[in-house]
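Below, chains carry the letters A, B, ... as their sequence lines are ordered, and counting in each starts from 1.
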Amino acid sequence: MISSRVKSRRNLGIGHCTKVPRNVNMEKLQNHYLFSEISRREAQHIEKYPNAKVISLGIGDTTQPLPEIIASSMAKYAQALSTPEGYRGYGPEQGNKDLRKAIAEVFYQDVLVKDTEVFVTDGSQCDISRLQLLLGSNVTVAVQDPSFPAYVDSSVIIGQAGDFKGGARKCGNIEYMKCSPQNNFFPDLEYASRADIIFFCSPNNPTGHAATWKQLKKLVDFARDNGSIIIFDSAYASYVMDDSPRSIFEIPGAREVAIEVSSFSKFAGFTGVRLGWTVVPDELLFSNGFPVINDFDRIICTCFNGASNIAQAGGLACLSSEGMKAAESLVHYYMDNAKILVETFTSLGLEVYGGANAPYVWVRFPGKKSWDVFSEILEKTDIITVPGSGFGPGGEGYIRFSAYGNRKCILEASKRMKSLFA
Amino acid sequence: MSLTQHLSTPISSSSSAFVAHSNFNSRTKNVSLPAKRFSICKCIAAPQEAQTAYKTTVSRNANMAKLQAGYLFPEISRRRAAHLLKYPDAQVISLGIGDTTEPIPEVITSAMEKRSRALSTLEGYSGYGAEQGEKALRAAIASTFYRNLGIEEDDIFVSDGAKCDLSRLQVVFGADVTIAVQDPSYPVYVDSGVIMGQTGQFQKDDQKFVGIEYMKCTPENGFFPDLSSVSRTDIIFFCSPNNPTGAAATREQLTQLVNFAKDNGSIIVYDSAYAMYASKDLPHSIFEIPGAKEVAIETSSFSKYAGFTGVRLGWTAVPKQLLFSDGFPVAKDFNRIVCTCFNGASNIAQAGGLACLSPEGLKAMHEVIDFYKENTNIIVETFNSLGFNVYGGKNAPYVWVHFPGRSSWDVFSEILEKTHVVTTPGSGFGPAGEGFIRVSAFGHRSNVLEACKRFKQLYK
């Protein structure tokens with residue numbers, strides 16, 4: 001019986017294999033990264049139907065142009081790099097000081113985060129992996145179920161997870177905290193085992209649920225009682241439309257138990273420009289009293305070389321009052337898209353969640369496998385979505401619709417969905 | 001280490017700001033932070049817990065604890081900042097960190113300017129790009145640097161720089177591989193290996209990490225390791241033209257290296273960040289060597305060619321023929337890491353990169369490189385004239401000066417104290433760097449000339 005490994009060697013038709021063993025953690029990863037798989041399926045569909053007018057409500061990719069004030073600040077900064085006065089080389093790895101200050105002032109004014117606790121980066125996806133590198137393989141991890149796949153994948157890669165338990169599609173050693181309509185999309189912490197690290201995203205990708213102050217207080221207390229560290233993903237904080245918390249640091253005691261990761265991607269349209277930040281409070285200590293911030297700083301200085309200075313110039317412009325106004329109107333544009341989608345699915349009699357404090361609409365398709373629903377929607381309406389099971393077993397039976405797109409596409413998509421599910 | 005010692009460790013940061021500054025009157029903002037007390041920072045109305053601050057029960061990563069102090073270059077920055085505090089009127093010249101100083105050619109910046117503006121238009125806006133990089137840029141890199149070498153567009157992964165790529169490669173390899181590095185070498189190879197868990201503890205007596213194979217590179221062996229005395233490791237980090245020694249390996253030497261890797265089933269991670277500084281008769285890519293595609297990965301950068309140290313753009317080439325012991329292609333795992341742990345280089349930086357590789361861009365980059373090479377000549381001449389044994393400087397923007405019998409940190413301090421010039425002590429790059437000083441040739445011409453004048457005064 002020829003193993004697929006030997007087959008792949010033979011397929012390449014050459015002899016030499018190095019003697020370097022493949023990283024066993026990489027072997028544990030199941031399939032492609034979720035969004036790579038979505039792209040692949042989209043490409044396949046387009047190949048099959050070259051005239052199809054595909055609408056993507058899949059990957060949460062921003063679509064609207066950057067506000068002019070932001071784009072022009074980056075253009076100016078780029079142009080200045082060709083002048084002696086304006087040229088800049090290496091910046092501090094932790095980020096431009098003015099930008100760090102601005103982030104602290106704009107987002108954390110009431111919760112006393114210092115600029116020295118803010119690390120500017122090239123985005124949350126990268127920061128999650130840098131945090132994993134910092135934490136190492138000997139920590140245990142808890143994630144929401146469903147959740148953004150990078151938490152589980154990065155955990156497997158760094159060696160924190162056991163083997164995949166094929167049946168349940170869960171990684172051994174990772175604590176999956178179910179979030180469903182039944183528990184108001186907040187895990188029943190009384191039934192949760194202790195984990196060193198708790199990944200928590202609010203407003204949530206994919207369910208769209210924004211945790212309440214009470215819920216986050218429970219979480220912080222749980223972390224405190226268990227000596228755990230919360231990694232709080234607030235990438236969609238600017239989408240909160242009610243009075244739900246926008247930062248974990250609004251919760252008393254959070255500074256001693258939480259790290260917050262955030263991003264310019266979804267509120268400034270910087271998905272391609274690449275800019276984000278992570279807050280590590282001074283008070284956050286390992287069990288031996290060593291400050292986590294010192295180790296994060298070491299990772300930033302050793303495994304990273306700072307976010308692009310041009311992107312940082314854009315970030316600074318974004319945080320000006322004019323920039324914030326412009327970014328906010330972009331957010332509202334996408335939230336109006338979300339409203340349309342919510343209305344559409346509600347009118348079809350489907351169970352609809354999210355879409356109120358996040359650009360994601362989480363729709364239940366009971367009794368069906370989410371990849372099957374994904375395929376059906378794609379085949380019959382040329383719309384890309386994301387199957388809920390891609391976010392964890394708790395996502396089975398759901399489809400995530402992203403509200404990113406220009407208005408015309410959203411309206412067209414709604415029309416097609418109505419005719420499919422009428 | 002006591003808790004208060006931890007607290008008083010300054011957070012590293014070199015001088016910054018989006019406002020103009022010159023090398024002469026740098027405003028330093030970042031110096032040793034005073035020890036902090038937790039109770040000041042609490043933001044809740046709770047009684048102050050004076051002595052026992054709350055600790056999580058999460059164990060610190062033992063690998064992080066193995067690292068010795070801070071990364072080398074923030075330490076250099078700290079010393080520079082402390083020096084400026086001591087001598088606020090000193091006209092400090094930095095030939096330490098290899099930071100480019102000359103403006104980026106206009107053909108390149110205008111492409112980035114255009115792309116920035118386009119992002120505010122409907123037609124020109126783009127969101128997430130392919131994590132592996134924009135197609136046109138990948139193709140341009142392949143055709144510019146790897147023409148006829150069998151490295152294709154889809155073997156190229158565009159990134160935010162070689163430093164970041166090195167850590168991503170380490171994540172691919174994992175903790176269970178052994179590594180070899182040149183001694184001396186760019187500190188990231190060792191540090192990232194420690195962080196990944198590939199090493200044992202640091203031994204103070206020989207200044208080495210247990211488990212790393214250090215391949216000595218000295219004047220005696222022409223800065224190429226004696227491979228017959230090197231033990232097999234899974235991964236071999238090799239940088240040519242070399243940082244810090246400036247040595248550029250010959251075709252014959254690289255052939256030896258490739259054969260060594262082949263015989264041992266090892267993978268070479270070849271750092272070619274300074275390739276364009278090498279003379280035309282020397283190899284510029286490891287893939288010029290027959291058989292290299294089955295044993296090597298090459299990482300490179302726009303930093304030192306286009307002055308992109310702040311803009312952030314580089315690439316890594318992983319040949320399809322490079323396989324793990326079970327036949328699995330390394331490129332597939334690298335791609336997975338790039339898709340999961342990364343989200344692509346900035347699209348604006350990539351637009352700049354594409355312009356770099358246009359005929360006009362390439363010409364402009366060569367001009368900048370020639371400028372730094374002329375700086376290097378001036379520095380080499382200076383130390384030669386003072387009777388020092390000088391290495392490097394011909395094929396790289398680094399000059400490696402021998403101070404036999406002296407501690408390199410002492411020489412670093414002496415030079416800083418007496419001439420206000422920042423350099424880099426050789427021991428920061430490994431034990432075989434002891435007794436050497438690395439002088440970087442990045443700087444304005446006037447600063448380089450002034451620095452050389454001061455060296456002449458000090459060492460005449």
Side-chain angles (χ1 to χ4, degrees), chain A residues 5 8-9 16-23 26 33 36 61-62 65-66 68 71 74-75 78-79 81-83 85 87-92 94 96-97 112 123 125-126 129 136 153 196 227 229 252 256 271-274 283 285-290 295 297 301-303 305 308-311, chain B residues 3 6 11 13-14 16 20 38 43-44 54-61 64 71 74 99-100 103-104 106 109 112-113 116-117 119-121 125-129 160-161 163-164 167 174 191 234 265 267 294 309-312 323-328 333 339-343 346-349:
Chain A
R5 298 160 181 182
S8 70
R9 243 181 87 174
H16 183 80
C17 278
T18 65
K19 295 201 187 102
V20 181
R22 186 181 178 209
N23 184 345
M26 295 301 294
Y33 185 54
S36 308
D61 194 7
T62 47
L66 295 183
E68 240 233 82
M74 294 195 291
Q79 194 278 330
L81 291 172
S82 63
T83 68
E85 325 75 47
Y87 179 73
R88 293 288 177 276
Y90 285 120
Q94 304 84 358
N96 169 269
K97 204 151 178 44
L112 304 175
Q125 181 136 315
C126 321
S129 284
D153 284 14
D196 289 308
I229 295 177
E256 294 170 324
T271 40
V273 174
R274 307 309 316 147
E283 289 91 315
L285 309 178
F286 287 115
S287 57
N288 66 353
F290 193 85
D295 274 351
D297 186 70
C301 289
T302 309
C303 307
N305 230 333
S308 176
N309 50 15
I310 301 171
Chain B
L3 186 57
H6 290 310
I11 302 294
S13 185
S14 40
S16 68
F38 292 127
C43 58
I44 47 169
Y54 171 83
K55 298 193 275 265
T56 67
T57 53
V58 179
S59 305
R60 185 186 179 205
N61 184 347
M64 295 301 293
Y71 181 57
D99 193 8
T100 48
I104 298 173
E106 244 225 83
T109 56
M112 297 196 288
E113 196 189 340
S116 300
R117 291 197 197 280
L119 289 172
S120 66
T121 69
Y125 180 76
S126 58
Y128 285 120
D160 62 329
K163 190 183 197 188
C164 321
S167 282
D191 285 12
D234 293 306
I267 295 177
E294 294 173 319
T309 40
V311 174
R312 309 307 317 146
L323 310 175
F324 286 114
S325 59
D326 65 354
F328 194 86
D333 275 350
C339 290
T340 309
C341 307
F342 185 53
N343 231 331
S346 177
N347 47 16
I348 299 169

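The distance from atom CG of A:Asp295 to atom OG1 of A:Thr302, rounded to the nearest 0.5 Å, is 10.0 Å. Interatomic distance, B:Thr56 OG1 to A:Glu283 CD, rounded to the nearest 0.5 Å: 13.0 Å. Atom CG of residue A:Asn309 and atom CD1 of residue B:Ile348 lie 10.5 Å apart, to the nearest 0.5 angstrom.
Contact count versus chain B (heavy atoms, under 4.5 Å) is highest, among A:Lys19, A:Arg22, A:Glu68, A:Met74, for A:Arg22. Taking chain B as the reference chain and counting heavy-atom pairs below 4.5 Å, the highest number among A:Ala78, A:Gly136, A:Gly89 is found for A:Gly89. Interface summary for chain B: among A:Pro21, A:Ser36, A:Ala311, the most heavy-atom pairs under 4.5 angstrom belong to A:Pro21. Annotation: maximal heavy-atom pairing with chain B below 4.5 Å, among A:Asp196, A:Asn23, A:Asp153, occurs at A:Asn23. Comparing B:Gly174, B:Gly161, B:Gly129 by heavy-atom pairs within less than 4.5 Å of chain A, the highest count is held by B:Gly174.
A donor-acceptor pair under 3.5 Å is absent between the side-chain atoms of B:Arg312 and the main chain of A:Ser308, judged by distance alone. A donor-acceptor pair under 3.5 Å is absent between the side-chain atoms of B:Ser167 and the main chain of B:Cys164, judged by distance alone.
Within the 4.5 angstrom heavy-atom criterion, only backbone atoms of A:Thr83 (N, CA, C, O) approach chain B. Interface residue B:Ser116: backbone and side-chain heavy atoms are both found under 4.5 Å from chain A. In this structure, chain A has a heavy atom under 4.5 Å from the side chain of B:Tyr125, while its backbone stays farther away. Both the backbone and the side chain of B:Asp333 come within contact range of chain A, judged by heavy atoms closer than 4.5 Å. Within the 4.5 angstrom heavy-atom criterion, atoms from both the backbone and the side chain of B:Ser59 approach chain A.
Take A:Ser129 and apply the side chain to side chain contact (heavy atoms under 4.5 Å, CB included) test, not counting sequence neighbours, and it matches A:Ser154, B:Cys341.
Considering all non-hydrogen atoms of both residues, A:Asp61 and B:Tyr128 come closest at OD1-N, 2.9 Å.
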